[in-house]
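Read the structure below first, then the notes.
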2 protein chains.
Amino acid sequence: MRYFVAVAEELHFGRAAERLGMAQPPLSRAIKQLERRLGVVLFERDRRGVALTGAGEVLLYEGRAALDATAAAVRRTQRAGGVDAPRSRLVLAVKAAGSHELLQKLLDAYAAVPGAAEIEVLLCGFCDQEGLLRDGRADAALMHTPFNSLAGFDSEELTTEGQIAVLPARHPLAARASLTVAEVADVPGLPLARWPSYGVYPPGPGPEIRDQTQLAQLIALGRTLAVVPDSARAWLWAEHAAIPLIDAPQVVTHIAWPAHSRSLALAGLIRTATECIG
Amino acid sequence: MRYFVAVAEELHFGRAAERLGMAQPPLSRAIKQLERRLGVVLFERDRRGVALTGAGEVLLYEGRAALDATAAAVRRTQRAGGVDAPRSRLVLAVKAAGSHELLQKLLDAYAAVPGAAEIEVLLCGFCDQEGLLRDGRADAALMHTPFNSLAGFDSEELTTEGQIAVLPARHPLAARASLTVAEVADVPGLPLARWPSYGVYPPGPGPEIRDQTQLAQLIALGRTLAVVPDSARAWLWAEHAAIPLIDAPQVVTHIAWPAHSRSLALAGLIRTATECIG
DNA sequence: TCCGACGATACCCGCCGGGTATCACAGCCC
DNA sequence: GGGCTGTGATACCCGGCGGGTATCGTCGGA
């Protein structure tokens, strides 16, 4: 199954084999055997390249979910039964650039709960909390709609905030009291920054952003402008100007967790979050 | 993994091995090897019986999810790539006793959609739609809160209805214009019927119900009474009386599907459902 | 005290998943 | 057009792991 996903992603047996740390012939055979077992053709091999069939597309999607689920089972079991498990531990995934106050308030409030589990905060980049939750590296996550999708998770709403445009302080538009999405989408010489949404960068002229520091620098240099949640004001520089966007979608912060999860510790964390924030 | 789940369910190596169609020693060894690989103790073996550890509990839950996910991957792939797949097929799970009108309306409306997939209706017993959806035997389901849990699925609301008490027509209470939950919960000599909720029967004096026919018979015989959604009037007998329950929770019918699912055919079905019913 | 039940251990075997060497074929360049 | 390159498929070999049977150790109960 891992083999199939690797080949489907690379669309190249040799590279996939290399990525898997094995030789190409066994991989070829394994895939063929998988096709035989399922009774389904997964790849169109027409010399010079490989393509997924319809069934292959389905298996790529479902197979990833299955791999995530098994990885999650392994990780959560190990966390539950490790030698270091006199008391339970929870891993909370948050966006590194997310609101610090919110997180601090949550952690403080939860620490005061009797019998609280130990919380490990897992800071991640732009939008991978969903993957962390799905494959068991995290037990809960702070997610932000509309940037994250809550599909497949249970969640509770915590806070709502507007969005601001961040642009160089010396730019003419910095003097405005407010802006619209249409206005910032089309500023001559100042393209909108792009960051990965669900794993891929949207098309556009702006620079591709990997982290918040890089974004801050690019804005200060007058190379780009960005639309970010209101709480991002916390990390702005003197060289930045923040202008409210009157028609941008509201950003809602949720706490999300895998849809089953009957863990007592997790339930306590969620209750604390909704009570102290929501 | 299948092995582990079997042992965890049986709590007995011999019976688990029998259920798996294998001998006991290899099973013992496989479990021990699993424990070694995970670095976690899953069972307390204290001669005469086996018990799950905390980590074992976690793995039982997560492992079932993982097994479901892989089964789903296999089934959906086979359905997508089978020899009989010139056009796509969707499997819709509905409770056998569910509203016929609703289903008929949905199927008729969807059949009229251009490029509609073929819909296979999977009638099931009381509450197993969730399992069918999770392990890929179904692509969508009509579910009824609060009887089904929508956790882990995407869903759209379709209809809302009240509930009625069904009791023998000759019973004194049959003359009443309405009843309350408290009243029907404690009728002397007429205990409330029980059916499986999330896989187990709730405790109580009433008979355990397996299907709608059995329930109808038991009510007609004056052995039990039941609380059911309003649409169940369709299958009542002359020997039954239906009395509105003024304070019972509303029953909401949803169409639900696995949280990802980018299938075009499924999207069409959902759109049809929300447009023609909701 | 002996027997029965149950899980663990010992040992054997066949097969499947891994490896290397090689082939078959399509494009490409000279 | 003839090698050359790069691709996936095939042939063949080997070791280990998953399955089996036989047996043991140990506790409960008659």
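Letters A, B, ... mirror the listed sequences (proteins, then strands); counts begin at 1.
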Separation of [X] atom [atom1] from [N] atom [atom2], in whole Å?
{"X": "A:E35", "N": "D:dG8", "atom1": "CD", "atom2": "P", "answer": "13 Å"}
{"X": "B:L11", "N": "C:dC6", "atom1": "CG", "atom2": "C1'", "answer": "14 Å"}
{"X": "B:E10", "N": "C:dG7", "atom1": "CD", "atom2": "P", "answer": "11 Å"}
{"X": "A:Y3", "N": "C:dG17", "atom1": "OH", "atom2": "P", "answer": "9 Å"}
{"X": "A:L27", "N": "D:dT10", "atom1": "CG", "atom2": "C1'", "answer": "15 Å"}
{"X": "A:E18", "N": "D:dG6", "atom1": "CD", "atom2": "P", "answer": "14 Å"}
{"X": "A:E44", "N": "C:dA26", "atom1": "CD", "atom2": "P", "answer": "17 Å"}
{"X": "B:F43", "N": "C:dA8", "atom1": "CZ", "atom2": "C1'", "answer": "15 Å"}

Could you tell me whether the phosphate oxygens of [N], OP1 or OP2, come under 4.0 Å of any side-chain nitrogen or oxygen in [X]?
{"X": "B:H12", "N": "C:dA5", "result": "no"}
{"X": "B:K32", "N": "C:dG7", "result": "no"}
{"X": "B:S28", "N": "C:dG7", "result": "no"}
{"X": "A:Q24", "N": "D:dT7", "result": "no"}

Among [options], which nucleotide has an atom closest to any side-chain atom of [X]?
{"X": "B:F13", "options": "C:dT20, D:dT21, C:dG7", "value": "C:dG7"}
{"X": "A:R29", "options": "D:dA9, D:dT7, C:dG18", "value": "C:dG18"}
{"X": "A:V50", "options": "D:dG20, C:dG17, D:dG8", "value": "D:dG8"}
{"X": "A:R45", "options": "D:dG19, C:dG19, D:dA9", "value": "D:dA9"}
{"X": "B:P25", "options": "C:dA10, C:dG19, D:dG19", "value": "C:dA10"}

Under 4.0 angstrom, heavy atoms only, what part of the nucleic acid is A:R36 near: base, sugar-phosphate, or nothing?
nothing
What contact category does A:R2 fall into here, base, sugar-phosphate, or nothing, at under 4.0 angstrom with non-hydrogen atoms?
nothing
Testing A:R75, A:R76, A:E130 one by one against A:D135 for a side chain to side chain contact (heavy atoms under 4.5 Å, CB included), which residue passes?
A:R75
Ionic contact status for [Y] with [X], cut-off 4.0 Å:
{"X": "B:E9", "Y": "B:R64", "answer": "yes"}
{"X": "A:R29", "Y": "A:E35", "answer": "no"}
{"X": "A:D139", "Y": "A:R89", "answer": "no"}

If we ignore hydrogens and angles and just use 3.5 Å, is the side chain of A:T53 paired with the main-chain N or O of A:G56 as donor and acceptor?
yes
